[in-house]
Amino acid sequence: MKKLYILFTLISIATSASADNWQPLGNAIVTDGWITPGYVDDEGHQLNPADYPFEVAIEESMESPGIYRLINPFCTDKFHLSEFNLDKSGNDFNIVIDARDRTFVIFQPQYCGFTDEDPESGNELGQYPYYISDMGTYMYNLGQQREVINMLKCASTMRGNTIYVPQPTFGITVDNASQAWDGDATMISTITLPDNFDEESEQWESFGVATMIDGWITPGWKDESGKLINPDDHPIAVEIMQNIENPDIYCLVDPFHETDFAMVHQNLTQSRTRIIIDMTDPDFVTVKPQTAAFVAREENDIRQYFITEAGHYLLANGRTPYEIKEQNHNATYSNGIITIPTPLFAFELNSSYKQWTATHPTYIYMPGAGVRSVTCDASAPVEYYNLQGMRIENPEAGHMYIRRQGSRSDKIFIR
């Protein structure tokens with residue numbers, strides 16, 4: 001059963017974008033904010049498109065690079081609502097996307113090939129054929145300036161290899177494809193184009209599973225009670241790999257899509273990445289600016305996170321290694337643990353990077369490095385403290401503690 005939440009009903013002016021010759025790019029991953037949010041589960045909860053990504057063949061115009069088309073995305077069994085589609089014509093209904101301007105992607109109104117039953121549609125057949133578009137295109141067709149549409153955060157954009165549609169719209173005809181679902185603000189459409197992630201795998205070999213305490217993204221987010229999330233409470237188990245040609249270069253494989261990551265359900269991108277770590281100098285480990293493959297909607301803005309660390313950032317901006325070490329901003333590797341004391345983030349790759357008010361180091365425990373190797377008095381009693389210095393009588397699995405035995409102290413993650 002479908003539950004309608006109509007937010008807008010407006011009139012759109014349709015124009016067309018076309019190209020004759022197309023080259024296949026592979027399969028894109030689509031999350032659908034046009035149709036999916038109109039359905040509810042067995043408990044009456046509105047479906048979230050992020051829970052139902054599906055693969056769709058995608059092609060690019062050879063005459064106009066940057067114009068793409070999704071091949072019949074809503075008429076195949078890969079679309080999770082295909083059983084409700086009444087369109088049995090067997091035709092291909094490709095979705096054309098004009099992303100030649102990555103800051104203003106155009107979705108002209110077009111029939112998507114999906115029709116479902118809706119007695120209240122006004123259609124004499126009691127059916128609802130979905131013509132889809134987006135609010136940015138609707139406003140542009142009415143004559144609004146692109147600068148204004150961008151300022152209002154209504155335009156679809158392409159960041160990296162993902163197209164984001166913050167306000168998908170639809171309608172029963174090509175002239176009124178301007179309605180939108182009312183519901184969870186994260187219910188947008190995304191289209192992630194194929195990347196070269198798999199091809200680059202041959203450059204790496206697995207080194208095992210590391211444990212990461214994330215200071216890049218987690219410290220800036222709050223839980224449902226409004227309390228800042230403590231990264232120590234959410235260790236991330238993530239594969240770490242070693243570069244075949246340069247054994248001092250390692251990478252974390254897509255950590256911000258791991259289920260252990262506290263904000264994994266906030267991540268709007270299906271793009272994958274490797275977080276590259278240069279450990280050539282153990283006293284000056286570097287993480288150059290790079291995408292985190294984490295994109296989240298905050299209020300009315302869609303933000304893509306890029307990460308680095310203060311040692312590299314300050315070095316690139318004229319500080320000497322001596323000055324950086326004096327201020328303890330240099331990342332280090334010792335006893336199987338990478339310590340990044342000042343993680344930095346930004347929303348653009350080449351912008352000024354910043355740190356959270358509640359700055360927390362990033363720790364990466366290499367495989368087998370759950371406990372620091374230290375020499376201590378084996379007869380001395382062992383005491384455990386949390387990272388705030390409070391004594392813990394019964395340490396629990398899944399948390400980070402400071403272990404003290406005699407005159408020696410070390411940091412330990414209990415699995």
Side-chain angles (χ1 to χ4, degrees), residues 15-36 49-50 52-82 90-114 130-134 136-137 155-166 168 188-204 251 253-254 256-257 267-274 290-295 302 304 306 349:
T15 57
S16 62
S18 63
D20 294 330
N21 300 316
W22 301 86
Q23 59 178 341
L25 300 180
N27 290 327
I29 300 176
V30 177
T31 60
D32 158 52
W34 287 287
I35 301 170
T36 298
Y52 302 94
F54 60 103
E55 285 190 340
V56 179
I58 189 168
E59 298 177 342
E60 184 176 19
S61 168
M62 299 178 65
E63 296 179 354
S64 300
I67 294 183
Y68 304 96
R69 67 179 182 183
L70 296 172
I71 305 302
N72 204 28
F74 299 106
C75 300
T76 68
D77 292 339
K78 290 185 178 180
F79 181 48
H80 70 110
L81 297 174
S82 60
N91 296 330
D92 287 340
F93 296 99
N94 304 323
I95 305 302
V96 177
I97 307 162
D98 186 349
R100 287 175 294 182
D101 181 350
R102 296 169 66 92
T103 67
F104 201 97
V105 177
I106 296 291
F107 286 80
Q108 291 295 355
Q110 53 198 293
Y111 178 53
C112 74
F114 188 92
Y130 278 81
Y131 289 81
I132 64 173
S133 182
D134 78 301
T137 302
S156 298
T157 58
M158 186 170 183
R159 305 183 186 188
N161 66 322
T162 300
I163 297 169
Y164 298 93
V165 188
I188 69 175
S189 291
T190 65
I191 301 162
T192 301
L193 277 66
D195 56 26
N196 59 352
F197 187 90
D198 293 328
E199 288 79 358
E200 292 178 351
S201 295
E202 62 187 20
Q203 303 173 18
W204 304 90
C251 72
V253 182
D254 207 20
F256 300 111
H257 279 108
N267 198 348
L268 300 176
T269 183
Q270 300 292 327
S271 296
R272 299 168 294 172
T273 193
R274 294 180 175 89
Q290 56 195 286
T291 180
F294 179 75
V295 178
I302 296 175
Q304 180 175 4
F306 295 87
L349 181 60

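FYI, the numbering just counts along the sequence from 1. Reckoned from all heavy atoms, side chains included, excluding hydrogens, waters and symmetry mates.
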Open item on the list: Give me the atom names and distance for the closest heavy-atom approach of C75 to C112.
Closed with: SG-O, 4.2 Å

Task: Partners passing ring-ring contact (aromatic ring centres under 6.0 Å, His included) against F197 (at least two apart in sequence or in another chain) - done: none

Open item on the list: Can you confirm whether D77 is buried at CG, in the sense that more than 12 heavy atoms of other residues, nucleotides or ligands lie under 6.0 Å from that atom?
Closed with: no

Open item on the list: Can you tell me which residue among Q270, K78, H80 is in a side-chain contact (heavy atoms from CB on, under 4.5 Å) with P53?
Closed with: Q270

TODO: Please report the shortest heavy-atom distance between D134 and V105, naming the atom on each side.
DONE: OD2-O, 4.2 Å

TODO: Could you list the residues that satisfy ring-ring contact (aromatic ring centres under 6.0 Å, His included) with F114, not counting sequence neighbours?
DONE: F79, Y130

Task: For the student: nearest non-hydrogen atoms of A99 and M158, plus distance - done: CB-SD, 4.1 Å

Task: N/O donor-acceptor pair under 3.5 Å between Q110 side chain and V96 backbone - done: yes

- [ ] Using the test ring-ring contact (aromatic ring centres under 6.0 Å, His included), find all partners of Y111 that sit at least two apart in sequence or belong to another chain.
- [x] F93, Y131

Open item on the list: Pair I29, T190 - check side-chain contact (heavy atoms from CB on, under 4.5 Å), show working.
Closed with: CA-CA 8 Å; I29 300 176; T190 65; over 6 Å; no

Open item on the list: Just verifying a value: how many Å separate R100 CZ and Y68 OH, rounded to the nearest 0.5 Å?
Closed with: 11.5 Å

- [ ] Would you give the length of the straight line joining atom CG of N94 to atom CD1 of I58, rounded to the nearest 0.5 angstrom?
- [x] 11.0 Å

Task: side-chain contact (heavy atoms from CB on, under 4.5 Å) assessment of H257 paired with S271 - done: CA-CA 9 Å; H257 279 108; S271 296; 5.7 Å; no

Open item on the list: Please report the interatomic distance CG(D32) to CG(L81), rounded to the nearest 0.5 Å.
Closed with: 7.5 Å

Open item on the list: Working note: T162 + V295, criterion side-chain contact (heavy atoms from CB on, under 4.5 Å); need CA distance, chi angles, decisive distance, verdict.
Closed with: CA-CA 10 Å; T162 300; V295 178; over 6 Å; no

- [ ] Work out which heavy atom in F54 is nearest to a heavy atom in P73; give both atom names and the distance.
- [x] CE1-O, 3.4 Å

TODO: Compare every heavy atom of N72 with every heavy atom of T76, then report the nearest pair and how far apart it is.
DONE: CG2-O, 3.4 Å

Open item on the list: Is there a side-chain contact between R274 and S201 in this structure, where contact means two heavy atoms from C-beta onward sitting under 4.5 Å apart?
Closed with: yes

TODO: Measure from the side-chain N and O atoms of N267 to the backbone N and O of F256, and report whether any donor-acceptor pair falls under 3.5 Å.
DONE: yes

Task: Side chain S189, main chain G33, donor-acceptor under 3.5 Å - done: yes

Task: Value rounded to 0.5 Å, distance of CD in E60 from CD1 in I67 - done: 9.5 Å

Task: OG1 on T137 to CZ on F104, rounded to 0.5 Å - done: 6.0 Å

Task: Heavy-atom side-chain proximity of R272 to D198 below 4.5 angstrom - done: yes

Task: Value rounded to 0.5 Å, distance of CZ in R159 from OG1 in T291 - done: 11.5 Å

TODO: For A50 and T31, work out which heavy atoms get closest and say how close.
DONE: CA-CG2, 4.3 Å

Open item on the list: Between Y164 and T269, is the side-chain contact (heavy atoms from CB on, under 4.5 Å) condition met? List the steps.
Closed with: CA-CA 9 Å; Y164 298 93; T269 183; 3.3 Å; yes

